[in-house]
Amino acid sequence: MTLLDLTPDQLLSTTRAVRRRLDFTRPVPDDAVRECVAMALQAPSGSNVVTMRFVVVRDEEKRRAIGEVYRQVYAMYKASPGYAGRLTTGDAERDRIQGRVASSADYLGEHMGEAPVLVLGCTEGADRASASAGIGNILPGMWSFMLAARARGLGTAWTSMHVARERDVAEILGIPYDTVAQAVLSPLAYTKGTDFRPAARPHPDQVIHWDTW
Ligand SMILES: Cc1cc2nc3c(=O)[nH]c(=O)nc-3n(C[C@H](O)[C@H](O)[C@H](O)COP(=O)(O)O)c2cc1C
């Protein structure tokens with residue numbers, strides 16, 4: 001696949017959670033997914049044992065079913081005090097950005113199942129406890145997957161709230177619930193345009209503790 005002309009720092013600083021700018025009409029080739037998974041597999045794994053697994057959902061009916069689960073869980077989140085659109089800081093600019101994020105997340109809440117591909121980042125263990133303990137093995141890999149996708153003009157959005165209904169999603173996809181833990185659910189689609197900007201984030205000195213807390 002052709003890669004966008006991005007420096008490493010541009011790639012790292014412009015890989016956004018893409019929701020409204022996902023192109024639901026354009027198919028994603030299987031080989032693009034394979035390339036992203038190949039990059040993900042270069043991420044670290046505890047004891048050098050690769051337990052990360054990717055369930056790549058192209059089937060329309062299964063996507064719709066997962067989208068419906070996500071829609072229901074999202075509706076509960078939206079009604080909760082932790083909903084992004086309800087978090088006010090008193091800083092008008094910060095609140096404006098939160099409002100925009102909330103509206104974008106609302107959109108994905110309604111449209112998750114319409115993405116041409118859904119990707120579930122999972123980790124496999126000998127049993128449920130070891131699979132859950134190995135969740136750290138999928139997180140770096142999943143982020144690498146998303147960076148690789150961005151480099152190929154594809155958009156993703158990290159979500160995890162579906163785990164409240166993990167068993168239902170396992171049933172839809174035939175994932176063995178007792179030995180596989182699901183960590184992340186992301187849409188995967190070409191983006192409408194490829195120009196994404198760095199987000200407003202705290203200054204590094206606000207989050208660094210030099211030598212002592
Ligand atoms: C642990 C975690 C959970 C998230 N859950 C959701 C989610 O359920 N729905 C969603 O639309 N975005 C979700 N996001 C994406 C964040 O909303 C997003 O990263 C944040 O708004 C910043 O936007 P940006 O990544 O484009 O800079 C999640 C991100 C993380 C890291």
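Quantities reported herein were computed from a predicted structural model and do not represent experimental measurements. Numbering starts at 1 and runs along the sequence shown. Both counts, for ligands and for their atoms, begin at 1 and track the order of listing.
Polar contact check, Arg16 against ligand 1: a nitrogen or oxygen pair lies under 3.5 Å apart. For ligand 1, the polar-atom distance check against Leu108 finds no nitrogen or oxygen pair separated by under 3.5 Å.
Within a 4.0 Å radius of atom 20 (C) of ligand 1, the protein contributes no heavy atom.
At distances below 3.5 Å, not a single donor-acceptor pair connects side-chain atoms of Asp178 with backbone N or O atoms of Asp127. Remark: side-chain polar atoms of Ser47 are not paired, donor with acceptor, to backbone N or O of Val49 under 3.5 angstrom. Arg58 places no side-chain N or O within donor-acceptor distance of the main-chain N or O of Pro116, the cut-off being under 3.5 Å. Side chain of Gln98 to main chain of Thr88: no donor-acceptor pair is present (N/O by atom type, distance under 3.5 Å, no hydrogens or angles).
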Derivation and outcome, side-chain contact (heavy atoms from CB on, under 4.5 Å), residues Val180 and Thr123: CA-CA 6 Å; Val180 175; Thr123 173; over 6 Å; no

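The neighbour count for Asp205 CG, taken as heavy atoms of other residues, nucleotides or ligands under 6.0 Å away, is above 12.
What sits closest to atom 17 (O) of ligand 1 on the protein, heavy atoms only, is Arg19 NH2, 3.0 Å. Here the heavy atom of the protein found nearest to atom 26 (O) of ligand 1 is Ala17 N, 2.8 Å. For atom 13 (C) of ligand 1, the closest non-hydrogen atom on the protein side is Trp158 O, 2.8 Å. In terms of protein heavy-atom proximity, atom 8 (O) of ligand 1 is nearest to Met161 CE, 3.0 Å. Nearest non-hydrogen protein atom to atom 27 (O) of ligand 1 is Arg201 NH2, 2.8 Å.
Listed by number with element, the atoms of ligand 1 under 4.0 Å from a non-hydrogen atom of Tyr70 are 7 (C), 8 (O), 9 (N), 10 (C), 11 (O). Close approach to Val101 involves these atoms of ligand 1, each under 4.0 Å from a residue heavy atom: 21 (O). Residue-ligand proximity, Ala105 to ligand 1, at heavy-atom distances under 4.0 Å covers atoms 11 (O).
Using modelled atom types, one finds no donor on one side chain facing an acceptor on the other under 3.5 Å when comparing His203 with Gln206. A side-chain N or O of Ser103 and one of Arg20 form a donor-acceptor pair less than 3.5 Å apart.
Ring pair Phe145/Phe54 is parallel by interplanar angle, where below 30° counts as parallel and above 60° as perpendicular.
Distances shorter than 4.0 angstrom do not occur between any heavy atom of Ala157 and any atom of ligand 1.
Looking at Thr159 against ligand 1, both its backbone and its side chain come within 4.0 Å, counting heavy atoms.
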